[in-house]
Amino acid sequence: MHAETDPLIHKEKQTIELKEVLDIGAVQSLMDDFYSLTNIGVAITDLHGEVLIATGWQDVCTKFHRINCATKKNCLESDIYLSENVEKGEFKEYKCKNNMWDISTPIFVCDQHVGNLFLGQFFYIDEEINVKVFEEQAVLYGFDNDSYLDALRRVPRWSRQKVKTVMDLYSKFAQIISKLLTSNLSLEKSLEDNKKTIKELELSNKDLEQFAYVASHDLKEPLRMVSSYTQLLEKKYKNNLDDEADKYISFVTSGVQRMHCLITELLKYSRINKEKRLAIVDCNKIICEVMLDLAVAIEEKHAEIFYSSLPVIKANPTQVKQLFQNLIENAIKFNNHEKPEISISSRYENGQWIFEVKDNGIGISPEYYSKIFSLFQRLHANNEYSGSGVGLAVSKKIVERSGGNIWVESEPGVGSTFYFTFPGLEQQNS
Ligand code: ADP
C-alpha cells in the first residue's frame with residue numbers, strides 16, 4: 001500500500017519514535033553476542049542522532065571523537081545528515097566528518113524513516129591511511145597526538161568483500177526490525193481500535209437497554225388507559241352497534257392485550273442486567289417450581305417432564321427459573337405430539353455444566369438455529385402458536401451474562417434439544 005493512502009501510516013507519521021517502539025535491551029543483547037562472535041560492532045541511532053544500541057565501538061570514537069565537543073558535533077551531524085535518503089534495504093558508505101568510514105542502512109516503521117543502523121570504525125585493507133589528516137585533527141581538537149594515533153592503529157582493517165557481506169546482513173537485519181516494528185504497531189493499533197469499538201458497543205447496548213426499559217415502563221401507563229377505555233367501550237356499546245363496529249372493538253381489545261404482553265416481555269428483557277443478586281441455586285428445586293407454575297399447560301397437553309439429579313450452581317435464582325421456564329414452556333407449546341415428552345439433564349465438562357432440554361416437538365430447520373435467539377424473532381404466526389418472540393432472547397441474555405453459551409440442535413418433525421452452559425461452582429469460586 002502506498003504511504004499516502006494508508007491511514008495508519010498517515011496518522012503515525014510524526015509520532016513514531018524509535019526508542020519507544022524498539023526493544024532496546026533485546027537488540028543490544030543480540031548485537032553483543034554477535035560482536036563477541038565476530039568482532040564486528042554496530043550502532044543504531046534515531047533521527048535525532050541519539051545512540052540507542054552500540055557494540056564494538058573503537059577507542060578512537062569513544063575516547064576522542066565522541067568526547068570532544070567539536071568532534072562530537074561532527075559525529076552527530078554525520079549520523080543525521082550524511083546517512084539521509086537511503087532506500088529501504090540499501091546501504092550507503094561515506095566518510096564521516098571526522099574522516100572515519102561509516103556505512104548506514106535505514107530502519108522504517110509504517111513507511112516512516114525512524115532511525116539508522118551503522119557499521120563503523122574500520123579501514124579497508126587496501127587503503128592507505130592518511131595519517132597527516134589525523135595529526136591535523138589532533139592539533140585542531142587538542143587530542144594527545146600519540147595516544148590518538150595509537151587508537152587509530154587499533155581500528156580494524158577489513159576487506160571490501162567482508163564489509164559488503166556484513167552490510168548485506170545488517171540491511172536484512174534492519175528490514176526485519178522494520179517489519180517487526182510495523183506489525184507490532186499495527187497490532188497495537190487494531191487492539192486499541194477493538195477496545196474502542198467494544199467500549200462504544202457497551203455504551204450503545206446500555207443506552208438501548210435504558211431506552212427499552214424507559215419505553216416499556218412509560219408505555220404501560222397510556223396503554224392501561226387505552227385498555228380501560230376499550231373495555232368500557234366494549235361493555236357499554238357491545239351489541240348496540242352494528243357487527244362491523246363490534247368486530248373493530250374486539251380487534252382493538254386483542255391488539256391492546258398483545259401490546260401489553262409485548263411490553264411486559266420487553267421490560268423483562270431490559271431488566272436482566274439490573275438483577276445482580278447471586279445465590280446457590282438447586283436446579284432440581286427450580287424445575288419443581290417451574291412445573292407447578294406450568295401445571296395447567298402440562299395437564300392440558302398431557303406433557304411429561306423427566307429430570308434427574310441436576311446440579312447446584314451459583315446464579316441469580318429468578319433468572320435461572322425464568323430460563324428453565326422459557327425452554328420448558330416452548331418445549332410444550334411447539335409440540336403437536338399426543339404426549340409431549342421433555343427431558344432435562346446435565347453433565348459436567350471442562351469446569352462447566354452443560355444442560356440439555358430435549359423435546360419431541362415440531363423441531364426447527366437449521367437455517368433458523370441462531371435467528372430464534374434474537375429479540376422478536378418468531379417462526380410462526382400468532383394464530384398458529386402464540387408468543388412474543390422474546391423468550392429465547394431473554395434466555396440467551398441470562399446465560400451469556402453468567403459467562404455461558406446457549407444453542408439448539410434440532411430435526412424438524414422429530415424434536416429439538418436446547419443446550420446451555422453455566423460455570424461450575426469450583427470455577428466460580430476460583
Ligand atoms: P415465543 O415462544 O414467544 O415465540 P421464543 O423467543 O421463546 O418466542 O422462541 C422464538 C421462536 O423459536 C419461536 O417462535 C419458535 O418458532 C422457535 N422455538 C422455540 N422453542 C422451540 C421448540 N422447543 N421447538 C420448536 N421451535 C421452537
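Atoms within a ligand are numbered from 1 in the order they appear, just like the ligands themselves.
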Student: Show the atoms of ligand 1 that are less than 4.0 angstrom away from any heavy atom in Val390.
Tutor: 6 (O), 8 (O)
Student: Consider every N or O of Leu392 and every N or O of ligand 1, then say whether any pair is closer than 3.5 Å.
Tutor: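 Such a contact does occur with ligand 1.
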Student: Quick one: which ligand 1 atoms are inside 4.0 Å of a heavy atom on His380?
Tutor: 16 (O)
Student: Answer yes or no for Ser388: is there a heavy-atom contact with ligand 1 below 4.0 Å?
Tutor: yes
Student: We want to know whether Glu84 and His113 form a side-chain donor-acceptor pair, criterion being a heavy-atom distance below 3.5 angstrom.
Tutor: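 The answer is no; no qualifying pair exists.
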Student: Can you tell if the side chain of Leu375 reaches within under 4.5 Å of the side chain of Tyr269, non-hydrogen atoms only?
Tutor: yes
Student: Contact between Lys333 and ligand 1, counting heavy atoms under 4.0 Å?
Tutor: yes
Student: Using a 4.0 Å cut-off to any heavy atom of Gly391, which atoms of ligand 1 qualify?
Tutor: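 By the 4.0 Å cutoff, the relevant atoms are 5 (P), 6 (O), 7 (O).
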Student: Rounded at 0.5 Å granularity, tell me how far CZ in Arg66 sits from CG in Asn98.
Tutor: 9.0 Å
Student: Give the atoms of ligand 1, by number and element, whose distance to some non-hydrogen atom of Leu379 is under 4.0 Å.
Tutor: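 Reading through ligand 1 atom by atom, the close ones are 14 (O), 16 (O).
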Student: Taking atom types as modelled, find out whether Asp32 and Gln28 have a side-chain donor-acceptor pair closer than 3.5 angstrom.
Tutor: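 Short answer, yes.
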Student: Does Tyr368 reach ligand 1, in the sense of a heavy atom lying below 4.0 Å from it?
Tutor: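 Tyr368: no contact with ligand 1 (<4.0 Å).
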Student: Suppose we measure from atom 19 (C) of ligand 1 to each protein heavy atom; which comes out shortest, and what is that distance?
Tutor: Asn330 ND2, 3.5 Å
Student: Of the protein's non-hydrogen atoms, which lies at the shortest distance from atom 10 (C) of ligand 1, and what is that distance?
Tutor: Gln377 O, 3.3 Å
Student: Could you list the atoms of ligand 1 found under 4.0 angstrom from a heavy atom of Ser416?
Tutor: 24 (N)
Student: When you compare the side chain of Leu223 with that of Val256, does any pair of heavy atoms fall below 4.5 Å?
Tutor: yes
Student: Which of the atoms in ligand 1, numbered in the order shown and given with their element, are less than 4.0 Å from a heavy-atom of Gly387?
Tutor: 3 (O)
Student: Note the single closest protein heavy atom to atom 26 (N) of ligand 1, along with its residue, its atom name and the distance in Å.
Tutor: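 Here the nearest protein heavy atom works out to Ile364 CG1, 3.3 Å.
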Student: Return the closest protein heavy atom for atom 4 (O) of ligand 1 as residue, atom name and distance.
Tutor: Arg378 NE, 2.6 Å
Student: Mind running side chain to side chain contact (heavy atoms under 4.5 Å, CB included) on Trp101 and Lys95 for me, showing each step along the way?
Tutor: CA-CA 5 Å; Trp101 281 120; Lys95 274 268 172 82; 3.7 Å; yes
Student: Working to the nearest 0.5 angstrom, can you tell me the gap between Ser416 OG and Ile342 CD1?
Tutor: 11.0 Å
Student: Need the ligand 1 atom indices (1-based, order shown) with element for anything under 4.0 Å from a heavy-atom of Gly363.
Tutor: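 Here the atoms of ligand 1 in question are 25 (C).
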Student: Please report the interatomic distance CG(Asn382) to SG(Cys261), rounded to the nearest 0.5 Å.
Tutor: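 The distance works out to 8.5 Å.
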Student: Report yes if Ser386 has an N/O atom closer than 3.5 Å to an N/O atom of ligand 1; otherwise report no.
Tutor: no
Student: Determine whether any heavy atom of Asn326 lies closer than 4.0 Å to an atom of ligand 1.
Tutor: no
Student: With atom 21 (C) of ligand 1 as the reference point, say which of Phe376, Tyr385, Phe334 has the nearest heavy atom.
Tutor: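 Closest candidate by heavy-atom distance is Phe334.
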Student: Throw together a table of side-chain donor-acceptor distances under 3.5 angstrom for residues 298-308, partners on residues two or more places apart or in other chains.
Tutor:
residue, atom, partner, partner atom, Å
Lys301, NZ, Ile332, O, 3.2
Lys301, NZ, Asn335, O, 2.6

Student: Is the ring pair Tyr385/His380 parallel, tilted or perpendicular, if the boundaries are 30 and 60 degrees?
Tutor: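 Plane angle over 60°, so perpendicular.
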Student: Of all the non-hydrogen atoms in the protein, which one sits nearest to atom 12 (O) of ligand 1, and at what distance?
Tutor: Ile372 CG2, 3.3 Å
Student: Could you tell me whether Gly389 and ligand 1 have an N or O pair separated by under 3.5 Å?
Tutor: yes
Student: Would the distance check show the side chain of Lys92 and the main-chain N or O of Leu82 forming a donor-acceptor pair, the cut-off being under 3.5 Å?
Tutor: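 Looks like yes, one N/O pair under 3.5 Å.
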Student: With side chain to side chain contact (heavy atoms under 4.5 Å, CB included) as the test, pick out the partner of Phe420 among Val408, Ile354, Ile398, Ile406.
Tutor: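 The side chain to side chain contact (heavy atoms under 4.5 Å, CB included) with Phe420 is passed solely by Ile406 among Val408, Ile354, Ile398, Ile406.
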Student: Go through the steps for Lys358 and Glu356 under the test salt bridge (charged side-chain N to carboxylate O under 4.0 Å, His left out), then give the verdict.
Tutor: CA-CA 6 Å; Lys358 184 175 186 316; Glu356 282 185 38; over 6 Å; no
Student: Tell me: protein heavy atom nearest atom 23 (N) of ligand 1, and distance?
Tutor: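 Looking only at protein heavy atoms, the one closest to atom 23 (N) of ligand 1 is Asp359 OD2, 2.9 Å.
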